[in-house]
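We count ligands from 1, going down the list as the structure has it; atoms in each ligand are counted the same way. In this chain, residues are counted from 1 in sequence order. Note that the structure is predicted; figures quoted are calculated from it, not measured.
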Amino acid sequence: MVRLGILVSGTGSILESMLDDGLPVVVVLADRPCRAVEIAERASVPAVLVDRSEWGGYGANFDRDGYTRAITDALGSHKVDLIAMAGFGTVLAQPIHDAYPMRILNTHPALLPAFPGWHAVKDALDAGVKETGCTVHYAVLAMDAGPVVAQQAVPVLAGDTEATLHERIKDVERRLYPAAIRMVMSELDKGSDADGLKEAVL
Ligand code: GRF
């Protein structure tokens, strides 16, 4: 049975959808105090705050390598074998990708490769596109890159604000991400290698 670890920073509505779906979440790690920690605790899932402010915070003094080690160690101590980032606001360093190759998933609120980065929803609105969406993908060191597992389009409606559009996208993410994780879990159960995982798309 796959043991899933979730990385969070925010409101945790995507995490909530995973827990509602019954995914085998064994630990939730947060990089800052956030509502997602309460969501985990309410579901009686171990939640650990690995507060990046203890590793130099958000500026130039952030010890990314040390922080990455702390997250990797926490995942290891819970015997996690598949990681899902769900609104996680820290870019981790290469060693976690070496420790968990093709075992880290992310969801991004745009149709990658369009609109990578922290402001994907605003960037799509500003670009005036009629359609954006969400992408579930394997994470690699480069932000919002890596093999795609699933994508779904979401229309941009007249009068949309960043908040209304993001909420419509998150509605889709809350269904698509758990389904994509289940698909990856079944590939892992079958013993698929990296090539098999890359080919299995939802
Ligand atoms: C999602 O849109 C995700 O794609 C992005 O952050 C959001 C997380 O939402 N990276 P929540 O904190 O789970 O509500």
Check your understanding: Do Lys198 and Glu187 sit within salt-bridge range, that is, some charged N less than 4.0 Å from a carboxylate O?
Key -> no
Do me a favour and list the nearest non-hydrogen protein atom to [atom] with residue, atom name and distance?
atom: atom 10 (N) of ligand 1; result: Thr107 O, 3.6 Å
atom: atom 4 (O) of ligand 1; result: Glu173 OE2, 2.5 Å
atom: atom 6 (O) of ligand 1; result: Gly87 CA, 3.5 Å

Geometric N/O contact [X] with ligand 1, under 3.5 angstrom:
X: Ile14; result: yes
X: Gly12; result: yes
X: Arg174; result: no

Exercise for review: Check the surroundings of atom CZ in Arg168: do more than 12 heavy atoms from other residues, nucleotides or ligands lie under 6.0 Å from it?
Suggested key: yes
Practice item. Report yes or no: does Thr135 contribute a side-chain atom to a donor-acceptor pair with the main-chain N or O of Ala110 at less than 3.5 Å? Key: yes
**Study point:** Short side-chain to backbone donor-acceptor contact, Arg3 and His78, under 3.5 Å
**Key:** yes
Exercise for review: Please say which of Val184, Val26, Leu82 ends up in a side chain to side chain contact (heavy atoms under 4.5 Å, CB included) with Val2.
Suggested key: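 Passing option: Leu82.
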**Study point:** Where ligand 1 meets Ser13 - atom numbers and elements under 4.0 angstrom, heavy-atom basis
**Key:**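 Under 4.0 Å from Ser13, ligand 1 has these atoms: 11 (P), 13 (O), 14 (O).
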Check your understanding: Can you list the ligand 1 atoms lying under 4.0 Å from a non-hydrogen atom of His108?
Key ->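 Those of ligand 1 that fall under 4.0 Å from His108 are 4 (O).
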Check your understanding: Side chain or backbone of His166 under 4.0 Å from ligand 1, or both, or neither, by non-hydrogen atoms?
Key ->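 Near ligand 1, His166 shows its side chain, while the N, CA, C and O stay back.
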Point to revise | Parallel, tilted or perpendicular, as decided by the 30° and 60° cut-offs, for the rings of Tyr67 and Trp55 | key: perpendicular
Point to revise | Winner among Thr11, Val121, Val136 once heavy atoms are compared against atom 11 (P) of ligand 1 | key: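 The option holding the nearest heavy atom is Thr11.
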Review point. Step by step, would you call Asp20 with Arg174 a salt bridge (Lys or Arg N to Asp or Glu O under 4.0 Å)?
Key: CA-CA 10 Å; Asp20 288 347; Arg174 291 190 274 259; over 6 Å; no
